[in-house]
Amino acid sequence: MYTKSRLAGAVRTALTLGAATAAFTPVAMAQQEGAESVEKISITGSRIQRVNMVSASPITEITAADIAITGMTRVEDILNDMPALFAAQTGNLANGATGTATLDLRNLGTTRTLVLVNGRRLPSGSPGAGGIAPDVNQIPASLIERIEVLTGGASATYGSDAIAGVVNFILKDDFEGFNFDYQHSFYQHNNDNDTIQDIVRGDGYDLPTSHVRDGHSNDFSFMVGANTADGRGNVTMYGTFRDIEALKLSERDYSSCALFGTVDNFVCGGSGTIPEGRITDFATFDYQVEGDQFVPRTSLYNYGPLNYYQRPDERKTLGALGKYEINEHAEVYAEISYMDNRSVAQIAPSGAFFVTDRIFCGNPFLSDQQFGLLCDDRGLTKDDFSEGTYIGRRNVEGGPRQDDLRHTSMKAVLGVRGIIDDNWSYDLFANHGTVAYVQTYRNELSITNIGRALDVVEDDNGNPVCRSVVDGSDPNCVPWNIFETGGVTQAALDYLIKPLYARGDTATTQVSGYVTGDLTEAGVMVPGTSTGVGVVLGGEYRREALLLEPDFGFTSGDGAGQGGPTAGVEGSYSVTEVFGELDIPLLEAKEFAEELTLELAFRHSDYSTDQTTNTYKYAIDWGINEDIRFRASYQRAVRAGNVRDLFRPQSIGLFNMLIDPCGVGGNLTLEQCLNTGLTADQYQTLALESPAGQYNEITGGNPDLSPEVSDTYSFGVALSPSALPGFNMNIDYFNIEVEEAISSIPSETILNLCGTTGDAKFCDLINRGPNGNLWVGQANVTSTDINIGFLATSGVDIEATYDFDIGDMGGMSIGLVGTWLEELTNQPLPGAPIDECAGYWDRNVCGSPSPEWRHNLRASWTTPWDATVTATWRYMGEAEEFGSPANPTKFKAQNYLDLAATWQAHENVSLRLGVNNVLDKEPPLMPNAPAGSGNGNTFPGAYDALGRYVFAGVSLTY
């Protein structure tokens, strides 16, 4: 069930003495006897090296065997099943996808989770919006020996960003021989949701077939390793190829239309930008085109089915790890890795999203009936313009929008480490990683060209032509006939569609060195103890750089479906640091104190942005006897603003809001809405409501940001009762508080605070359009970054394992890992209400569900026939909609059953087979799923959204 590496053996010893048990695999607790044969090691959270190293902070380990029985090939999917981690960017997002895969410990945000590979930083993921956190696509699952997860602050040891904790990927090295691994997987689902099918069918939309098998994935990997002739060195090389097929929302009945309404009364909703063409002033008339006539609008566009539920993804990785021991004082080591990952996010077609506000009455495409309703009945002639008239027209003829995202990363490490003498050792390394980013956005319409193609006149021969052709301002313009069903020509599409391009890079350079020593022989110890003080002294230099270069189509905001311009970003900063750690044994072999150790750590950081920080740790590890151990710690951690936080220019984009609080059904009174910039006659009008539930906001960075500061408190107990051999339990309480959090005041909060307080500092941030809206044109709410937020989370982690023999039938291992979430609070600004998100979800404040209890319970039977059978029960508690809306959507608790088996068919051949979500449990559904975290009427990263996951694999080793 677990890999018996020397470090894993030491970790198991450490677990007996107080570190956490394995997250998925029950780990047998090593006895104290014989542990002295284990070499000195350090574990995640400290660089001090000792025999039988223990930690005062809880650490969770996931082994290669654990990964194999999940069948997952995407690293983020493996970790998102852990109760302490929450879904962030995954392969199941479409609208708002960055093309990266990120991790979010404690639901405190991806940039507050530090990601390491062999104890060294992974470079920033992507220069694009939302993607700067480390991209774990760079880490092939097949090469992982184990994953160590340290929850809680660790900045004193590793520097900035470790506010929520550290995820450290330990890769396989010292491999000798050849290994080839192949796995195929797919999803299978029975579309039998009669309630949703009746809704979809009633609105005339298509339904998928009853039984589907789709989303196929193939994953190949090889690893080859050899030792040098003198046995002092090793080189391990690897390569992987992963190909994941696309799967659309149309392939599941519960995602085949965009659900609106309430959970008790779902309806198929959609966008007001419709394929028929919509002509409206949002007040006195609202038409759609039928033939060459205007009829009252009744349609909405079902934008869901074309969206990808699983993005197509093609990834290649290559790399090598090598080391050579020159002598006992110097071992040179190196790592080099390459990744190329390409993924496409597909969403509904673009269109004219009400980007023009008048129509020329002399447009020759207007029929007599259309001219009469639009112009003649209002006293306008064919020489006039119908002002205040907007067009919403979906470009279904041009096909869905596709955001082609490609990331190519290179990472290299060169270092030397060794033993100075019997008590001192050192490690010095340089680590450099880059990510190259290329984005191609296809099938987007140009706002400029929309305006010109809709402004149509007759030429001297009576032919319809663009006005810009007549006046010579744009001789290439082709008229767009949206006033007649079937009137759109390919020439018009070729003129309107303008692909968008962006490129960029991120670069992380880390140079670090430290010495670690044991002062026992020097006699530096607490009287009455036999073990001296352990010490680490070191320094580090790090530089972060980012460049994003969008083309003019992006920067000008000319893309009709972009929600505003995408601004370029360029910037860099560096930090110089010194750090140290002490491990001080206070008591040994005393009554009620077999061992009592104090851990101290300190780091001083000097940033090129004229900011300095100090981080530190105090921790106690108290082993009463071999059966029970207590631990407690306090840690101060920081997160300095990243390049996008500091240097991102201000630009307009979209945010999710169910309704404008001053719209129909809104929560603000007329008097309060006057504070937000409305007039009395605009209050609760339909013009305020965005049919897609998306509104405009201006966001941007701030070069004067201070680093965030967090305090982490934890204490726990580890039990290994001698009366019950094979049983181990760890219970740990955690409390993390983040002050001066780098954040923006949510736009919806700004609206409500302006309305309820009338304070100009909020009201001046609201810029309503001519008819009071916040979603057409340049109307917006300003919400830029500031050091103003407060975040806090607390709860209890529980881990337990029990291993026992069952006679001739082999052995059993039972393991539980669970988290009870007591608190997850967010205060966007001082004095504002504190938003409690534990047990809740929503579209803006809380985001994806944060249930109060999550657990994984796993039972494994190691049979006498070289096979292991495993069953896992994954549980995710209920979550209510935050903010007490009139009809809140409540997600019921979800239970999933996974089954897997591995068989060592031959000494060189291992087979595996498994089914996750065996019972084909559907995800909980919600109306108006938010872009960027929701998709397919649910949160696909949090829940199993696609049905049964079936996998089969083979591993050949020689």
Mind checking what makes salt bridge (charged side-chain N to carboxylate O under 4.0 Å, His left out) contact with Asp104, not counting sequence neighbours? none

Non-hydrogen side-chain atoms of Val817 and Met82 separated by less than 4.5 Å: no

Looking at side-chain heavy atoms only, is the closest gap between Thr70 and Phe951 below 4.5 Å? no

Hey, does Glu335 have a side-chain heavy atom less than 4.5 Å from the side chain of Phe429? no

Taking side chain to side chain contact (heavy atoms under 4.5 Å, CB included) as the definition, give me every residue that meets it alongside Leu547, ordered by chain and number, with sequence neighbours left out. Arg503, Asp505, Glu549, Glu570

Partner residues of Glu740 under the salt bridge (charged side-chain N to carboxylate O under 4.0 Å, His left out) criterion, sequence neighbours left out: none

Among residues two or more places apart or on two chains, list those pairs meeting side-chain hydrogen bond (donor to acceptor under 3.5 Å, both in side chains) that have a residue in residues 159-170. Thr44-Asn168, Arg121-Asp161

Between Arg74 and Thr90, a side-chain donor and acceptor under 3.5 Å: no

Could you report the tightest heavy-atom contact between Ala507 and Thr434, atom names first, then the distance? CB-CG2, 4.1 Å

Counting only heavy atoms not in Tyr338, do more than 12 sit closer than 6.0 Å to its OH atom? yes

Would you say Asp219's side chain and Thr73's backbone share a donor-acceptor pair under 3.5 angstrom? no

Salt bridge (Lys or Arg N to Asp or Glu O under 4.0 Å) evaluation trace for Arg311 with Asp403: CA-CA 10 Å; Arg311 297 196 313 273; Asp403 195 4; over 6 Å; no

Step-by-step side chain to side chain donor-acceptor pair (under 3.5 Å) determination, Arg858 to Thr872: CA-CA 4 Å; Arg858 174 167 291 173; Thr872 304; 2.8 Å; yes

So, do Asn642 and Ser124 sit near enough that their side-chain heavy atoms are less than 4.5 Å apart? no

Checking Arg406 now: which residues fulfil salt bridge (charged side-chain N to carboxylate O under 4.0 Å, His left out) with it, not counting sequence neighbours? Asp340

Take the angle between the ring planes of Trp841 and Phe939 and call it parallel below 30°, perpendicular above 60°, tilted in between. perpendicular

State which residues pass salt bridge (charged side-chain N to carboxylate O under 4.0 Å, His left out) with Arg639; sequence neighbours excluded, sorted by chain then number. Asp645, Glu708

Qualifying residues under side chain to side chain contact (heavy atoms under 4.5 Å, CB included), relative to Thr102, sequence neighbours excluded: Ala88, Gln89, Thr100, Thr110, Ala133

Is the shortest heavy-atom distance from the side chain of Leu321 to the side chain of Lys323 under 4.5 Å? no

When you measure from the side chain of Ser608 to the backbone N and O of Ser574, does any donor-acceptor pair fall under 3.5 Å? yes

By the definition side-chain contact (heavy atoms from CB on, under 4.5 Å), identify the one residue from Val117, Leu122, Leu79 that meets it with Val167. Leu79

Using 0.5 Å steps for rounding, measure from the CG atom of Leu824 to the SG atom of Cys846. 7.0 Å

Which of parallel (below 30°), tilted (30 to 60°) and perpendicular (above 60°) describes Tyr616 and Phe602? parallel

Could I get the full list of side chain to side chain contact (heavy atoms under 4.5 Å, CB included) partners for Leu428, not counting sequence neighbours? Val416

What residues form a side chain to side chain donor-acceptor pair (under 3.5 Å) with Thr712, not counting sequence neighbours? none

Indicate the atoms forming the closest heavy-atom contact of Ala162 with Ala637, along with that distance. O-CB, 4.2 Å

Spell out, as yes or no, whether a donor-acceptor pair under 3.5 Å connects the side chain of Asp404 to the backbone of Gln439. no

Mind checking side chain to side chain contact (heavy atoms under 4.5 Å, CB included) for Asn234 and listing every partner two or more places apart, or none if nothing turns up? Asp174, Asn227, Thr236

Those residues at least two apart in sequence (or on a different chain) that pass side chain to side chain donor-acceptor pair (under 3.5 Å) with Thr111 are none

To the nearest 0.5 angstrom, please state how far the CZ atom of Arg242 sits from the CG atom of Asn137. 5.0 Å

Does Thr317 have any side chain to side chain donor-acceptor pair (under 3.5 Å) partners at least two apart in sequence or in another chain, and if so, which? Thr240

